[in-house]
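Bear in mind the structure is a predicted one, so any value in this text is a computation, not a measurement.
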Amino acid sequence: TAFPSKLYEYLSTGLPIIYGGKGYAIEILKKFENVITIKADSETEIIKAIDNCKIGSIKSKKNFDLLKTKFIREKITNKVLDSIL
């Protein structure tokens with residue numbers, strides 16, 4: 001149910017991502033481009049997603065910019081600290 005930290009690294013590349021999971025990560029991934037979410041362990045969906053990635057995928061600069069402005073750990077920590085103190 002948590003957001004896997006590796007996803008931040010993958011998103012920063014701007015390349016397409018296929019994510020099989022559920023919960024909080026799906027909600028966060030909806031904010032980004034080049035992301036295909038599928039049901040975990042769905043052979044049919046993974047094949048379809050791979051085929052879709054092959055067709056005209058381009059790098060997303062938006063993903064990098066969004067990560068830089070909204071998801072830098074230090075910035076999030078400072079916001080939490082400011083609200084507490």
Side-chain angles (χ1 to χ4, degrees):
T1 58
F3 191 83
S5 60
K6 282 286 181 204
L7 284 176
Y8 292 116
E9 296 171 26
Y10 300 151
L11 287 164
S12 71
T13 69
L15 296 171
I17 295 172
I18 300 170
Y19 179 75
K22 59 183 176 180
Y24 179 69
I26 298 292
E27 293 305 312
I28 295 296
L29 289 172
K30 287 179 183 178
K31 299 176 181 184
F32 294 91
E33 297 176 328
N34 286 351
V35 176
I36 299 171
T37 56
I38 62 170
K39 292 179 192 167
D41 301 323
S42 174
E43 182 179 335
T44 305
E45 287 188 33
I46 190 75
I47 291 169
K48 184 178 175 183
I50 290 169
D51 286 342
N52 287 339
C53 281
K54 291 179 185 177
I55 302 170
S57 293
I58 58 170
K59 281 189 166 187
S60 170
K61 183 175 178 332
K62 175 188 170 193
N63 287 358
F64 182 78
D65 292 340
L66 186 57
L67 284 169
K68 194 164 76 172
T69 59
K70 302 274 186 192
F71 294 97
I72 299 294
R73 185 174 294 160
E74 289 81 9
K75 288 182 180 181
I76 294 169
T77 303
N78 286 337
K79 283 182 185 179
V80 171
L81 287 174
D82 289 344
S83 69
I84 293 171
L85 304 174

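- Residues passing the side chain to side chain contact (heavy atoms under 4.5 Å, CB included) test with Lys48, sequence neighbours excluded: Asn52.
- With sequence neighbours left out, the ring pair (Phe, Tyr, Trp, His ring centres under 6.0 Å) criterion links Phe32 to Phe71.
- In this structure, CD1 in Ile38 is found 10.5 Å from CD in Glu43, a value given to the nearest 0.5 Å.
- For the atom pair CD1 of Ile17 and OG1 of Thr37, the computed distance is 11.5 Å after rounding to the nearest 0.5 Å.
- The two residues Lys62 and Lys31 come nearest to each other via the heavy atoms NZ-O, 3.6 Å.
- The shortest heavy-atom contact between Asn34 and Gly14 is ND2-O, 3.0 Å.
- Here side-chain hydrogen bond (donor to acceptor under 3.5 Å, both in side chains) pairs that include residues 9-20, with residues two or more places apart or in two chains, are Lys6-Glu9.
- Between Cys53 and Pro16, the shortest heavy-atom contact is SG-CB, 3.7 Å.
- Taking the six-membered ring where tryptophan is involved, the planes of Tyr8 and Phe3 are tilted, since the angle between them lies from 30° to 60°.
- Put simply, CG on Leu29 and CD1 on Ile36 are 11.5 Å apart, with the number rounded to the nearest 0.5 Å.
- In the hydrophobic clustering of ILVMFWY residues, with side-chain heavy atoms under 4.5 Å counting as a link, Leu7 and Tyr24 come out together.
- The distance from the NZ atom of Lys68 to the CG atom of Leu66 is 11.5 Å, given to the nearest 0.5 Å.
- Ile26 and Leu67 end up in the same hydrophobic cluster when Ile, Leu, Val, Met, Phe, Trp and Tyr side chains are linked at under 4.5 Å.
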